[in-house]
Amino acid sequence: MTAEGIGAFDVVVVGSGAAGSSAAIAAARAGASTLLVEKLPFLGGNSTAVLDTFYGFYTPGERSLKVVGGIGDDVIAGLHRLGPVLERPNTYGAGTGVTYLAEHLKVVWETMATDSGVRVLLHTFVQDVEVSDGRINGLLMATKAGLRTVGGKVFVDASGDADVSHHAGFSYELAGEIDPAQTLTTTFRMANVDHTRRRTISKEQLHALMAEAADSGDYDLPRREGSDHVTPVDGVTATVMTRLDHVRRIGDGTIVNATDPDVLSEAEMAGRRQALEYARFLVDKVPGYEHASLIASSSQIGMRETRRVHGDYRVTRDDVMSARQFDDQIGLCGAPIEDHVPGAGTTWEYLPEGKAVGIPLASLIPRDGTNVLTPGRCFSATHDAHASIRSMAQCMAMGQAAGTVAALASRGDGQVRQVDYSAIRDRLLEDGARLELTG
């Protein structure tokens, strides 16, 4: 079987989530010819297919400090132009969240990408990678019209699952191999909710109702402290309630997770069944939901971690909890470690008040690659450090940095390590990124 070529680009970005879309926009704005490849029929990844709230723009605590700007600010401005956007406190004290309409965000990402000159290819899956001595030369992709190949100088693996790195043979940690992998969540929305009545019970009372319903045996609720929140649409709430463990040991003891098609298929179907059960619980037991109905579930199941690439530097728990700063940092994160472990609860650990950890460029560079960057959920970090820095605003910051580095590297031979950090820093600051915590 032969594959038709679609040409070569300065920068090829795989995955259009908060990291990938930001990377493509940044690369194109910096003058690089850029292709953005996405498996879904729209841009945004988890930001449009699963969730409706950006976390990580602000530090939590008594004094909220903004730690992400640049392309992230442009995204928020685009959302405001299309309709209402809410800023609201996180249920668990993780800082101010920015809640939007996912249908608006799809258009914002697409408009920003195409206006910047990005070529967008939807409904496209990476199938294989042509690599030699750590240098990626091209991708084999499955499209509606058949197999296609594309070449490039620099590649950005923002697939979330490190698909490009996996096919290239780069090393990574498969979530679940060492630490328990974070669980999956199918989100869903409810309509005809009476917000006034819903506000008559607290978070703690909601959790008590969940526990009571689960213990009764009448409801199958694996997570006992899920949350619901208001949206920009009156009478509509969104939830983060369901919980699915996706790690399996197969016959020879090998670990598989949601990067396995059978595991992923099973999880997608089980997540929708769980959503129906939680919706039944809400209608039966929670004030304000008496006349509510489930109107939508996420387009795909929400993944928190699957593969984490081994980079030039691996961010650790100590880095996060000490709010370490780096000589090559390209972003900041003040979000707590939010570990959705298998079982009924979630672990939260907070950085020192008013502090943020730096995100080093070296954590976006796979140690096995020469012309590749890995921003977003597959960046190089331990399980617990990843549970903090994976927030979507941080993914935007990582993506903007990766796209900027990729564009600068493409002016030469594509080797990302040879781009001078001062040039990266200057461009990021010029484009509104935040690299240092200020009052």
Side-chain angles (χ1 to χ4, degrees), residues 8-15 19-36 68-72 116-118 129 131-139 151-159 162 164-165 168 170 309-315 325-332 358-376 378-381 389 394-436:
F9 294 80
D10 294 330
V11 177
V12 178
V13 180
V14 176
S21 289
S22 297
I25 293 163
R29 286 179 176 180
S33 61
T34 304
L35 175 69
L36 177 57
V68 173
I71 287 174
S116 299
V118 176
V129 175
V131 60
S132 58
D133 296 326
R135 183 180 185 87
I136 294 179
N137 298 307
L139 306 177
K153 277 190 172 182
V154 185
F155 293 81
V156 177
D157 182 357
S159 62
V164 175
S165 301
F170 298 162
V309 172
H310 291 141
D312 285 354
Y313 183 81
R314 199 170 193 217
V315 184
Q325 304 299 289
F326 295 87
D327 292 338
D328 65 339
Q329 66 192 39
I330 47 77
L332 296 167
I359 306 172
L361 175 61
S363 68
L364 310 186
I365 302 176
R367 68 186 185 192
D368 304 321
T370 63
N371 64 333
V372 194
L373 296 128
T374 53
C378 54
F379 83 111
S380 179
I389 299 174
Q394 278 62 51
C395 287
M396 290 186 216
M398 286 189 275
Q400 180 171 347
T404 299
V405 174
L408 294 173
S410 73
R411 297 172 187 175
D413 63 1
Q415 295 194 51
V416 296
R417 292 180 183 84
Q418 293 189 2
V419 181
D420 186 72
Y421 173 70
S422 63
I424 300 167
R425 178 183 176 87
D426 289 348
R427 178 72 196 216
L428 288 175
L429 291 174
E430 179 184 337
D431 292 340
R434 300 198 174 203
L435 308 185
E436 296 176 356

Between [X] and [Y], which heavy-atom pair has the shortest distance, and what is it?
X    : Y    : answer
A24  : V118 : O-CG2, 3.4 Å
Y421 : L435 : OH-CD1, 4.3 Å
V12  : G152 : CG2-CA, 4.2 Å
A433 : Q400 : CB-NE2, 4.3 Å
T34  : A28  : OG1-N, 3.5 Å
V156 : A23  : CG1-CB, 4.0 Å

Is [X] reaching over with its side chain to a backbone N or O of [Y], donor-acceptor style, under 3.5 angstrom?
X    : Y    : result
N371 : I136 : yes
S380 : Y313 : yes
D328 : A362 : yes
S422 : D420 : no

How long is the span from the [atom1] atom in [X] to the [atom2] atom in [Y], to the nearest 0.5 Å?
X    : Y    : atom1 : atom2 : result
C378 : M398 : SG    : CE    : 9.0 Å
F379 : C395 : CZ    : SG    : 8.0 Å
F155 : T370 : CZ    : OG1   : 10.5 Å
R434 : Q329 : CZ    : CD    : 14.0 Å
I71  : M396 : CD1   : CE    : 10.0 Å
L332 : I389 : CG    : CD1   : 10.0 Å

Q | side-chain hydrogen bond (donor to acceptor under 3.5 Å, both in side chains) involving R425 - partner list, sequence neighbours excluded | A | E436
Q.
According to side-chain hydrogen bond (donor to acceptor under 3.5 Å, both in side chains), who are the partners of D10, at least two apart in sequence or on a separate chain?
A. S33
Can you sort out the partners of [X] under salt bridge (charged side-chain N to carboxylate O under 4.0 Å, His left out), two or more places apart, ordered by chain and number?
X    : result
R29  : D74
D431 : R427
R314 : E173
D312 : R417

Q. Is there side-chain contact between V372 and F170, with at least one heavy-atom pair below 4.5 Å?
A.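 When only atoms from C-beta onward are counted, F170 and V372 do touch, with a gap below 4.5 Å.
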(Q) Are I365 and L373 packed together at the side-chain level, in the sense that at least one heavy-atom pair is separated by less than 4.5 angstrom? (A) yes
Q: Check I330, V11, L364, L361 against V405 for a side chain to side chain contact (heavy atoms under 4.5 Å, CB included) and give me the one that passes.
A: L361
